[in-house]
Amino acid sequence: MDTRVHPPVAAALRLCLHALLLGLLTLAAAKAVSGGDPRSAAVVTVSCVLAAVYAAGALAPAVQPGTRAGACWLAVLGALWLVLLAFSPDGLWVAFPLYFLQLHLLPMRWGLPAVVVTAAAAITSFLVHGQAVTPGTFIGPLLGAAVAVATVLGYDALFRESERRRELIEELVSTRAELAAAERTAGTLAERERLAREIHDTLAQGLSSIQLLLRAAERTLEPDAPATPHVRQAREAAQDNLAEARRFVRALTPPDLENGSLAAALERLSARTTDSALTVQFAVSGTLVELPTPYEVALLRTAQSALANTVQHAGARRAEITLSFMGTSVSLDVVDDGCGFSPGTATARDGTGTGGFGLPAMRSRARSLGGTLSVESAPGQGTAVALTLPLPVDPNGQDSA
């Protein structure tokens, strides 16, 4: 019999099938002996052999549904059962457990004909032995066959449904684990970005201001003034600590920015997003300027979020990312030729009923750096997302990046 793992109900059904077949064989042998049948010895012998063959097959690992071993074992059981029918009409009741075996071990296209042949053999044996013909002679084996078919088909349907539920549960557990890992990763990246922004906007800027003030103070002092060495030492300490703070900011840079510039990260993003359904192109306009890490993070995250919306909701064929440096500002434009949407409606393309999280997150990033985010779109006319950030300058009018 099938040795695969089954639920407890299936195990109980198998035990009941074993007990039913062995009980019917015992009943046929006992009735032949108690009734003084001259062929009782043959009936007992065939019953014992059939029981032994059945037990051997039930314990054999090779006997599985749909296998040659299972079909051969079933054929031997059928042959022995026909011999038992030749000696005793009571052997026909063994047909009922045989129905289940045939439907279990054989494909349905062979199992159903085998059940029909078995029922016909049982009815024929009853007639050959000269028993009284009654409606039960025909109804009994046929009804047993119908019950067996209905039971097996019903159990198979329940088993398939159980398997589908098990697969769905496993998929749900796996998805929950992946979601938890993604949330942990997103939380880590968000915290890294926050720390980088805080260090840059507070500590680094403060040290830069201190350094400039000390440099100005140093210029006003005489070279031989007693305070001059102390001011110079303080300025150098501030300069060293500013370099260390900037190293911290670089260490907290998102992975996409670790191995190159912002332009290179956007180029890789375009290449990763391009597939057979969507072509993404990237271009740089103006002279490249080194940007502070918070600016690079904001521009990269905006491009990622805008492209994610394009892939998930726009159904676009083409998209373009343009990074433009315009002297006092830097801008990022993401334009697609997708289905578009109405920015003023309650349901934005991010997919939530309150306008989604993507666009508010982009606007929040823009506001935190003193920039602006604009979205231009209309149904059927594509979408254009533009982020503009003012370039920071130091007190001397030089770019502080």
Side-chain angles (χ1 to χ4, degrees), residues 175 178-179 182-183 185-187 189-190 193 253-286 288 291 294-326 329-369 371-389:
T175 302
E178 292 176 359
L179 179 60
E183 289 178 347
T185 301
L189 292 177
E193 292 177 19
T253 300
D256 286 334
L257 295 173
E258 288 179 352
N259 300 319
S261 64
L262 172 63
L266 292 172
E267 183 72 37
R268 290 193 297 271
L269 174 63
S270 301
R272 286 198 307 267
T273 310
T274 296
D275 56 22
S276 60
L278 175 65
T279 300
V280 182
Q281 294 182 337
F282 170 68
V284 178
S285 175
L288 287 174
L291 298 173
Y295 280 54
E296 292 186 336
V297 171
L299 292 166
L300 177 62
R301 294 300 187 224
T302 298
Q304 291 173 332
S305 183
L307 271 187
N309 285 339
T310 297
V311 172
Q312 296 174 12
H313 308 293
R317 298 289 299 174
R318 293 178 57 84
E320 295 182 1
I321 302 176
T322 304
L323 180 64
S324 303
F325 294 89
M326 298 173 290
S329 64
V330 58
S331 67
L332 176 80
D333 297 279
V334 182
V335 182
D336 66 58
D337 62 355
C339 61
F341 67 103
S342 298
T345 60
T347 303
R349 199 172 65 184
D350 311 28
T352 68
T354 59
F357 179 73
L359 291 177
M362 293 185 220
R363 291 193 175 96
S364 176
R365 288 183 186 278
R367 285 195 301 268
S368 69
L369 297 175
T372 59
L373 180 84
S374 62
V375 180
E376 297 180 4
S377 183
Q381 299 183 17
T383 302
V385 177
L387 171 64
T388 302
L389 300 176

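Please read these numbers as outputs of a predicted model, since none were measured by experiment.
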Tell me if a side-chain donor or acceptor on [X] pairs with a main-chain N or O of [Y] at a distance below 3.5 Å.
| X | Y | result |
| --- | --- | --- |
| Ser305 | Arg301 | no |
| Thr274 | Thr279 | no |
| Ser377 | Phe341 | yes |

Shortest non-hydrogen contact from [X] to [Y]?
| X | Y | value |
| --- | --- | --- |
| Leu332 | Leu299 | CD2-O, 3.2 Å |
| Leu262 | Glu296 | CD1-O, 3.7 Å |
| Ala366 | Leu387 | CB-CD1, 3.3 Å |
| Val284 | Ala263 | CG2-CB, 4.2 Å |
| Leu369 | Ala298 | CD1-CB, 3.6 Å |

Legend entry - Residues forming a side-chain contact (heavy atoms from CB on, under 4.5 Å) with Ala316, sequence neighbours excluded: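 Here the qualifying residues are Leu278, Thr310, Ala314, Asp336, Asp337.
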Legend entry - Residues that Ser331 engages under side-chain contact (heavy atoms from CB on, under 4.5 Å), provided they are two or more places apart: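 side-chain contact (heavy atoms from CB on, under 4.5 Å) check on Ser331 returns Ser324, Met326, Asp333, Thr388.
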Inset, instruction - Output the distance between atom CZ (Arg363) and atom OG (Ser368), rounded to the nearest 0.5 Å. - result: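 Reported to 0.5 Å precision, the distance equals 14.0 Å.
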Inset, instruction - Find the distance between OG (Ser270) and CZ (Arg268) and round it off to the nearest 0.5 Å. - result: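 Separation between the atoms: 11.0 Å.
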Inset, instruction - Pick out which of Val385, Thr273, Thr302 makes a side chain to side chain contact (heavy atoms under 4.5 Å, CB included) with Leu307. - result: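 The passing option is Thr273.
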Legend entry - With Arg367 via side chain to side chain donor-acceptor pair (under 3.5 Å) - residues at least two apart: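 Once residues adjacent in sequence are excluded, Arg367 has no partner under the side chain to side chain donor-acceptor pair (under 3.5 Å) criterion.
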Inset, instruction - Please list, chain by chain and in numerical order, all residues satisfying side chain to side chain donor-acceptor pair (under 3.5 Å) with Glu320, sequence neighbours excluded. - result: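 Applying side chain to side chain donor-acceptor pair (under 3.5 Å) to Glu320 gives none.
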